[in-house]
Amino acid sequence: MSTTSLTAGLPTPSHATRLREAFLSADFTADGLLDLLGAPAYAALARSETVPALRATRGDTPLETLVRLFLLQQPVSAERAARALPLEEALADGWLVRDGKEIDGGETGGGEIRATVDVRPYGGPEGQDWFIVSDLGCAVGGAGGIGRKDEGVVLGVGGASTTLAGITVRTPVASALDLGTGSGIQALHAAQHATLVTATDLNPRALEFTRLTLALSGARGAELLAGSLFEPVDGDTYDLIVSNPPFVISPLASGKGDSGARLTYRDGGMSGDDLCRTLVQQAGERLNDGGYAQFLANWQHVEGEQWQERLRSWVPRDCDAWIVQREVQDITQYAELWLRDSGDHREDQQAYAERYEAWLDEFEASGTKSVGFGWITLRKNAAVAEGRTEPSIVVEEWTHPVEQPLGDTVRAHFERQDFLRAHDDAALLAAHFRLASEVTQEQVGLPGAEDPEHVVLRQNRGMRRATRVDHVGAGFAGVCDGTLSAGRILDAIGQLTGEDSVVLRDRIPQAIRLLVEEGFLEPVDGGGGQAS
């Protein structure tokens with residue numbers, strides 16, 4: 001399909017400022033939408049169910065008009081549209097079209113008006129009012145069951161998009177790359193803290209939607225480049241790279257199967273998890289020292305192979321990595337999920353069965369038993385590249401609820417890894433620590449027992465981890481306020497409990513490392529060099 005045909009008929013951002021002003025004036029915002037629809041109807045939209053929202057927008061206010069036009073794809077009279085927004089400019093720029101039909105009841109005003117694109121209000125992390133522009137039928141509920149088979153279809157905001165936005169490290173940087181930008185949500189976030197933002201996509205239609213999203217959200221523009229993976233950026237390097245790539249492992253992704261055109265938002269054009277592997281492996285050379293690359297990905301669980309080792313092999317040699325597996329699906333669940341995503345289950349049942357078989361054949365041929373989903377974060381580390389230290393590569397499974405945003409949690413993870421690599425046991429005992437503010441203690445044991453069977457430390461924010469500690473570990477953590485070194489605290493515990501402080505100093509550093517690594521204890525700056 002040609003670039004011209006993929007981008008034909010899209011609006012232009014010539015009067016995006018005026019349109020944005022009209023949206024804000026009508027309270028067509030994330031908060032305004034929630035107030036109008038109510039929580040049940042608002043939640044139904046995320047499930048691609050529009051009936052409750054249609055019932056809640058039967059009035060004639062500008063906000064109800066805009067919701068019907070841009071979220072629910074319902075026609076309205078020209079007279080009604082003109083009360084809600086600058087109609088002639090919106091028509092001239094292609095946001096709206098006249099369909100020429102007369103309105104029931106004899107209304108005048110030039111027939112009905114319809115939207116050409118979806119526009120979804122989206123709340124920024126600091127209360128900004130943003131608008132994500134996508135193809136019709138793709139703004140509500142993300143990709144869930146959209147039933148679109150168009151090769152160049154561009155989706156709006158989905159759960160994956162908001163997950164990636166939430167885990168991204170948000171520190172001021174000179175340059176950021178949004179690889180596979182889609183409707184532009186990651187570029188929009190990056191524009192708030194990066195001096196220069198570059199957005200790429202294999203689909204030129206996606207680049208135009210990104211341009212519209214940025215303009216309608218009042219954000220700075222981005223450099224928009226067409227092409228696959230890192231090809232469009234040549235030899236450029238960045239302080240931040242983010243990507244929600246087309247990671248789905250499917251027969252279509254490798255050109256197999258008979259289910260029509262490959263869906264560019266979903267199928268990456270490589271076999272198995274090769275696209276995600278390639279993306280991760282090539283990211284290292286595109287990062288500046290200290291820069292982060294953050295991805296969502298799928299990976300295969302192959303018979304006879306540890307999935308953790310598979311992912312470790314992807315990490316570039318000059319990077320540290322934190323990889324978190326959030327979910328695992330067996331191959332039947334996985335195939336059904338994505339066949340439903342593209343609406344195959346609504347078509348001829350024989351064709352559906354044949355496509356299902358094609359997915360299972362693909363998995364059987366590669367020995368794949370299940371598919372993992374999760375987050376991959378790389379950090380370029382010059383000390384690792386120069387051989388002055390070993391890389392920190394943490395691969396773990398964490399399927400429990402977390403509290404977004406996690407950008408600060410991700411950054412702190414790598415800072416703690418730096419600290420632990422720089423401190424042997426002696427230095428660790430000389431260091432000072434503070435118990436993280438969100439940590440609470442739970443004692444577990446039989447009712448009436450003098451002492452608990454065990455103690456659990458629990459985080460109430462971020463990753464929401466929990467870890468079991470003994471009475472010494474609990475006492476140590478509870479005393480940590482940054483005042484005393486770890487060694488002195490252990491000496492005091494030894495005196496109180498009658499335990500040999502030499503034995504404690506030998507035994508406890510391993511437990512301290514775990515508490516630091518998982519974020520229960522925070523090193524206090526300037527405390528590491530004091531006498532222990």
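Values below: every heavy atom of this structure, side chains too, minus hydrogens, waters and symmetry copies. Residues: numbered from 1 along the sequence shown.
Ring-plane geometry between His413 and Trp322 is classed as parallel, the angle between the planes falling under 30 degrees on a 0 to 90 degree scale with a further cut at 60. Ring geometry for Phe23 versus Phe28: interplanar angle over 60°, hence perpendicular rather than tilted (30 to 60°). The aromatic rings of Tyr292 and Phe414 lie perpendicular to each other, with more than 60° between the two planes, well past the 30° mark.
Counted by atom type alone, Gln325 and His301 present one or more donor-acceptor pairs between their side chains at under 3.5 Å. Checking Arg277 against Gln281 by side-chain atom types alone, a donor-acceptor pair falls below 3.5 Å. Thr29 and Asp31 share no donor-acceptor pair across their side chains, judged by distance under 3.5 Å alone. In the model, Asp273 has no side-chain atom that pairs as donor or acceptor with a side-chain atom of Asn298 under 3.5 Å.
In this structure, Leu33 and Val67 have side chains that are in contact, with non-hydrogen atoms separated by less than 4.5 Å. Looking at heavy atoms from C-beta onward, Thr171 lies out of side-chain contact with His193 at the 4.5 angstrom threshold. With contacts defined as side-chain heavy-atom distances shorter than 4.5 Å, the pair Ile249/Trp359 does not qualify. Annotation: side chain of Ile493 is not in contact with side chain of Glu499 (no heavy-atom distance under 4.5 Å). Using a 4.5 Å cut-off on side-chain heavy atoms (C-beta onward), Ser366 and Val302 make no contact. The side-chain heavy atoms of Ile185 and Thr213, taken from C-beta on, include no pair separated by under 4.5 Å. You'll find the side chain of Asp135 stays beyond 4.5 Å of the side chain of Leu155, heavy atoms only. Residues Arg464 and Glu403 meet the side-chain proximity criterion, which asks for heavy atoms closer than 4.5 Å.
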Next item on the list: Carefully, step by step, assess Arg411 and Glu415 under the rule salt bridge (charged side-chain N to carboxylate O under 4.0 Å, His left out).
Entry: CA-CA 6 Å; Arg411 176 181 50 78; Glu415 291 176 350; 3.1 Å; yes
Item checked: ring pair (Phe, Tyr, Trp, His ring centres under 6.0 Å) between Phe70 and Phe131, worked out -> CA-CA 11 Å; Phe70 290 107; Phe131 301 95; 9.4 Å; no
Check: Passes salt bridge (charged side-chain N to carboxylate O under 4.0 Å, His left out), Glu386 versus Arg388? Steps please.
Finding: CA-CA 6 Å; Glu386 296 165 4; Arg388 291 185 281 113; 2.7 Å; yes
Next item on the list: Mind running side-chain contact (heavy atoms from CB on, under 4.5 Å) on Leu287 and Thr237 for me, showing each step along the way?
Entry: CA-CA 5 Å; Leu287 281 173; Thr237 58; over 6 Å; no
Next item on the list: Check step by step if side-chain contact (heavy atoms from CB on, under 4.5 Å) holds for Val524 and Thr483.
Entry: CA-CA 9 Å; Val524 177; Thr483 303; over 6 Å; no
Checklist line | From CA spacing to verdict: side-chain contact (heavy atoms from CB on, under 4.5 Å), Tyr122, Thr162 | finding: CA-CA 10 Å; Tyr122 178 80; Thr162 55; 4.1 Å; yes
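Looking at Arg20 and Asp129, no side-chain N of the basic residue comes within less than 4.0 Å of a carboxylate O on the acidic one, giving no salt bridge. Salt-bridge formation is not detected for the pair Arg379/Asp318: no Lys NZ or Arg NE/NH1/NH2 atom is positioned less than 4.0 Å from an Asp or Glu carboxylate oxygen. We find that Arg421 and Asp320 are joined by a salt bridge, their nearest charged nitrogen and carboxylate oxygen being less than 4.0 Å apart. The pair Glu208-Arg205 does not count as a salt bridge, with every side-chain nitrogen at least 4.0 angstrom from each carboxylate oxygen. Comment: Asp330 does not engage Lys369 in a salt bridge, judged by the lack of any side-chain N to carboxylate O separation of less than 4.0 angstrom. Between Arg458 and Glu442 a salt bridge is recorded (basic side-chain N to carboxylate O distance below 4.0 Å). With respect to Asp425 and Arg505, no salt bridge is recorded, no charged nitrogen being found less than 4.0 Å from a carboxylate O.
Seen from the ring of Trp398, Arg465 counts as a face-on cation partner, given the 6.0 Å and 45° thresholds.
The closest donor-acceptor contact from the side chain of Gln294 to the backbone of Val169 lies under 3.5 Å. Not one N or O on the side chain of Ser161 forms a donor-acceptor pair closer than 3.5 Å with the backbone of Val157. When atom types are taken as modelled, the side chain of Gln404 and the backbone of Ala165 share no donor-acceptor pair closer than 3.5 angstrom. At least one donor-acceptor pair closer than 3.5 Å links the side chain of Ser175 to the backbone N or O of Asp239. Of the possible donor and acceptor atoms, one in the side chain of Asp470 sits under 3.5 Å from a partner among the backbone N and O of Gly473. In this structure a side-chain-to-backbone donor-acceptor pair under 3.5 Å is missing from Asp491 to Ser501.
With Phe295 as the fixed residue, the side chain to side chain contact (heavy atoms under 4.5 Å, CB included) test singles out one of Asn244, Leu378, Thr377, Leu164: Leu378. Just one of Asp201, Thr200, Thr181 meets the side-chain hydrogen bond (donor to acceptor under 3.5 Å, both in side chains) condition when paired with Thr210; it is Thr181.
Residue-environment remark: CD (Glu390) stays at or below the threshold of 12 foreign heavy atoms within 6.0 Å. Shown here is Gln282, whose CD atom has more than 12 heavy atoms of other residues, nucleotides or ligands within 6.0 Å. Heavy-atom neighbours of Gln333 CD from other residues, nucleotides or ligands within 6.0 Å: above the threshold of 12. Atom CZ of Arg507 has more than 12 heavy atoms from other residues, nucleotides or ligands within 6.0 Å.
Here Leu224 contributes atom CG and Leu207 contributes atom CG; the two are 5.5 Å apart, rounded to the nearest 0.5 Å. Taking CG of Leu337 as the reference point, atom CD of Gln329 lies at 5.5 Å (rounded to 0.5 Å). The distance from atom CH2 of Trp299 to atom CD of Gln308, rounded to the nearest 0.5 Å, is 10.5 Å. The distance from the SG atom of Cys480 to the CZ atom of Arg434 is 10.0 Å, given to the nearest 0.5 Å. To the nearest 0.5 Å, atom OH of residue Tyr334 and atom CG of residue Leu339 are 11.0 Å apart. Of the inter-residue distances, the one linking Leu490 atom CG with Phe476 atom CZ reads 5.5 Å to the nearest 0.5 angstrom.
Smallest separation of non-hydrogen atoms from Pro245 and Leu296: CD-O, 3.2 Å. Between Pro232 and Leu225 the shortest heavy-atom distance is O-CD1, 3.5 Å. Taking all atoms of both residues into account, the shortest heavy-atom contact from Val154 to Gly182 is CG1-C, 3.8 Å. Heavy atoms only, all atoms of each residue included: Pro125 and Trp130 are closest at CD-CH2, 3.6 Å. Closest of all the heavy-atom pairs between Ser183 and Ile132 is OG-CG2, 3.4 Å. Here the closest heavy-atom approach between residue Glu285 and residue Lys380 is recorded as CA-NZ, 4.5 Å.
Phe433 is linked by a ring-ring contact (aromatic ring centres under 6.0 Å, His included) to Phe419, counting only residues two or more places apart in sequence or in another chain.
Sorted by first and then second residue, the pairs that involve residues 214-225 and meet side-chain hydrogen bond (donor to acceptor under 3.5 Å, both in side chains), not counting sequence neighbours, are Thr198-Glu223.
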